[in-house]
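One structure follows; several queries about it will come next.
Bear in mind the structure is a predicted one, so any value in this text is a computation, not a measurement.
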Amino acid sequence: MKRILAIVLAVAMIASVAVLAGCGNKASNTTETTIATEPASAKGKLTMATNAYFPPYEYYEGEKIVGIDADVAKAIADKLGMELEIVDIEFDSIIAGVQTGKYDMGMAGMTVTEERLKSVDFSTSYAKGIQSVIVTENSPIKSIDDILAKDANYKVGVQLSTTGDIYITDDLGDAAAERVTEFQTGNDAVAALSSGKVDAVIIDNEPAKSYVAATAGLKILDTEYVSEDYAICFAKSNTELKDKVNAALEELIKDGTVKSIVDKYITAK
Ligand code: GLN
């Protein structure tokens, strides 16, 4: 089963009518790591909430958070004459943190979904994602349809509250409680696959490649599950910042900066 959301979501983003802000997001206490990319200055500060375990979009290189999102955010901040501060929190807490104004924006390889659009606004999309399926090398699972088959009983690992989690839980319906295990990070889900606790992991394609490259005995299925748009999220009340960021981002897309950042981290196939 495959859903193409890109067009619907692009339209939804443009339309972006005033919808009541959702209130279903739970705030949780998380350990935060704050990394200022420049010494404190008189410039305005731009705080970006992310979850830095999503290579190549955001990950640690030593103490520093690097990746496509970190570089694009830095280029946006530079254009706006602002000082970027990246805060590492759980993925599940990003939307709530942005909604309450604790962070100016959320950038975490985050997919635009209709559900999230009820809670936050999104920028122009700057990258595409695909939900892929990781299995063990000798797995009998050949496609997502094998997992979704009526009489199948395969167990699936996902990262909590990601679109992989949302789609498979939705598609499996009543069977999801029994068959889907939510992990705090993609890394934990992949470790569960390696140790045989789950039969497949559903996760975005670029982190999937990183995990498979780093773990023996795993492969990514050729078939795609869902195709998506990544964008930056803002509180619905913060249209001023969203418009400024969008203007900068659109220039960076147009002049090729975003593409060169993506190419720097994703080796052309
Ligand atoms: N693209 C997925 C989502 O938005 C996963 C993002 C992530 O894990 N950082 O849900």
Side-chain angles (χ1 to χ4, degrees), residues 27-98 100-111 123 126-127 129 159-162 183-192 194 201 203-216 218 230-234 241 245 248-249 252 257-267:
S28 65
N29 293 325
T30 52
T31 318
E32 293 184 0
T33 305
T34 301
I35 297 192
T37 56
E38 279 178 15
S41 72
K43 292 176 182 176
K45 205 182 244 183
L46 182 65
T47 15
M48 159 184 153
T50 197
N51 176 253
Y53 298 90
F54 195 72
Y57 286 88
E58 39 269 324
Y59 57 98
Y60 280 94
E61 217 169 65
E63 303 266 282
K64 197 169 182 250
I65 296 172
V66 297
I68 295 169
D69 288 347
D71 281 15
V72 171
K74 179 74 170 73
I76 290 170
D78 284 351
K79 236 184 208 310
L80 298 178
M82 295 175 91
E83 179 198 338
L84 178 69
E85 187 183 344
I86 303 179
V87 185
D88 180 21
I89 62 172
E90 281 165 20
F91 183 76
D92 194 26
S93 305
I94 296 174
I95 288 185
V98 168
T100 56
K102 192 166 180 194
Y103 313 106
D104 297 318
M105 63 184 203
M107 194 171 186
M110 187 180 281
T111 305
S123 70
Y126 62 91
Q159 185 186 353
L160 177 68
S161 291
T162 58
F183 296 89
Q184 201 54 251
T185 66
N187 218 0
D188 294 342
V190 171
S194 283
V201 167
I203 195 162
D204 301 51
N205 59 331
E206 290 304 330
K209 285 187 214 159
S210 301
Y211 288 132
V212 167
T215 321
L218 302 182
Y230 291 167
I232 309 168
C233 71
F234 301 88
L241 180 68
V245 167
L249 176 61
L252 293 165
T257 306
V258 169
K259 185 176 184 310
S260 69
I261 292 171
V262 171
D263 289 348
K264 175 177 144 195
Y265 287 97
I266 301 178
T267 329

Original post:
Can you list the residues that meet the side-chain hydrogen bond (donor to acceptor under 3.5 Å, both in side chains) rule with T50, with sequence neighbours excluded?
Top reply: E58
**OP:** May I ask you to test the I266-I68 pair for a side-chain heavy-atom distance under 4.5 Å?
**Re:** yes
**OP:** Applying salt bridge (charged side-chain N to carboxylate O under 4.0 Å, His left out), name anything that partners D104, two or more places apart in sequence or on another chain.
**Re:** none
**OP:** Indicate yes or no: at least one non-hydrogen side-chain atom of L46 is less than 4.5 angstrom from one of L241.
**Re:** yes
Subject >> OG on S210 to CG on N187, rounded to 0.5 Å >> reply: 10.5 Å
Original post:
Is there a donor-acceptor pair closer than 3.5 Å between any side-chain N or O of T100 and the backbone N or O of G97?
Top reply: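 Confirmed, T100 side chain pairs with G97 backbone.
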Original post:
Can you check whether Y103 reaches I89 side chain to side chain, under 4.5 Å on heavy atoms?
Top reply: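 Yes, side chains in contact.
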**OP:** Please identify each residue that fulfils side-chain hydrogen bond (donor to acceptor under 3.5 Å, both in side chains) with Y265, with sequence neighbours left out.
**Re:** D71
Subject >> Where C233 and M110 come nearest, the two heavy atoms and their spacing >> reply: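 So the two residues come closest at SG-SD, 3.8 Å.
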Original post:
Between F91 and F54, is the ring centre distance below 6.0 Å?
Top reply: no
Original post:
Looking at side-chain heavy atoms only, is the closest gap between E90 and L160 below 4.5 Å?
Top reply: no
**OP:** Could you pull out the closest heavy-atom pair between A52 and D88, with the gap in Å?
**Re:**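 Scanning both residues, the minimum pair turns out to be N-OD1, 2.9 Å.
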Subject >> Results of side-chain hydrogen bond (donor to acceptor under 3.5 Å, both in side chains) for N51 - residues two or more places apart only >> reply: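 By the side-chain hydrogen bond (donor to acceptor under 3.5 Å, both in side chains) rule, N51 matches no residue at all.
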**OP:** Taking all heavy atoms of S194 and all of L218, pick out the closest pair and write down the distance.
**Re:**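 Closest heavy-atom pair between S194 and L218: OG-CD1, 4.0 Å.
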Subject >> Inter-residue atom distance K64.NZ - I86.CD1, 0.5 Å rounding >> reply: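 It comes to 7.5 Å.
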Original post:
Does a side-chain heavy-atom distance below 4.5 Å link I65 with Y59?
Top reply: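 Answer no - side chains too far apart.
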**OP:** Take the angle between the ring planes of Y60 and Y53 and call it parallel below 30°, perpendicular above 60°, tilted in between.
**Re:**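 Rings of Y60 and Y53: tilted, 30 to 60°.
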**OP:** State, with a plain yes or no, whether a side-chain heavy atom of Y57 is found less than 4.5 Å away from one of V262.
**Re:** no
Original post:
In Å, rounded to the nearest 0.5 Å, how long is the span from CG of D69 to NZ of K74?
Top reply: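 Answer rounded to 0.5 Å: 15.5 Å.
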**OP:** Any chance you could measure M105, atom CE, to I94, atom CD1, to the nearest 0.5 Å?
**Re:** 11.5 Å
Original post:
Mind checking what makes side-chain hydrogen bond (donor to acceptor under 3.5 Å, both in side chains) contact with T185, not counting sequence neighbours?
Top reply: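 side-chain hydrogen bond (donor to acceptor under 3.5 Å, both in side chains) list for T185, sorted by chain: D188.
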Original post:
Is S123 reaching over with its side chain to a backbone N or O of I232, donor-acceptor style, under 3.5 angstrom?
Top reply: yes
Subject >> Non-hydrogen atoms of G186 and I203 that approach each other most closely >> reply: CA-CD1, 3.7 Å
**OP:** Report yes if some heavy atom in the side chain of V201 is under 4.5 Å from a heavy atom in the side chain of F183; otherwise report no.
**Re:**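 Contact flag for V201/F183 side chains = no.
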Subject >> Side chain to side chain, M107 and V72, heavy atoms closer than 4.5 Å >> reply: yes
**OP:** Nearest 0.5 Å please: distance from the CE atom of M48 over to the CD atom of E85.
**Re:**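 Reported to 0.5 Å precision, the distance equals 11.5 Å.
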**OP:** Identify, with sequence neighbours excluded, every residue that meets ring-ring contact (aromatic ring centres under 6.0 Å, His included) alongside Y126.
**Re:**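 With sequence neighbours excluded, Y126 shows a ring-ring contact (aromatic ring centres under 6.0 Å, His included) to no residue whatsoever.
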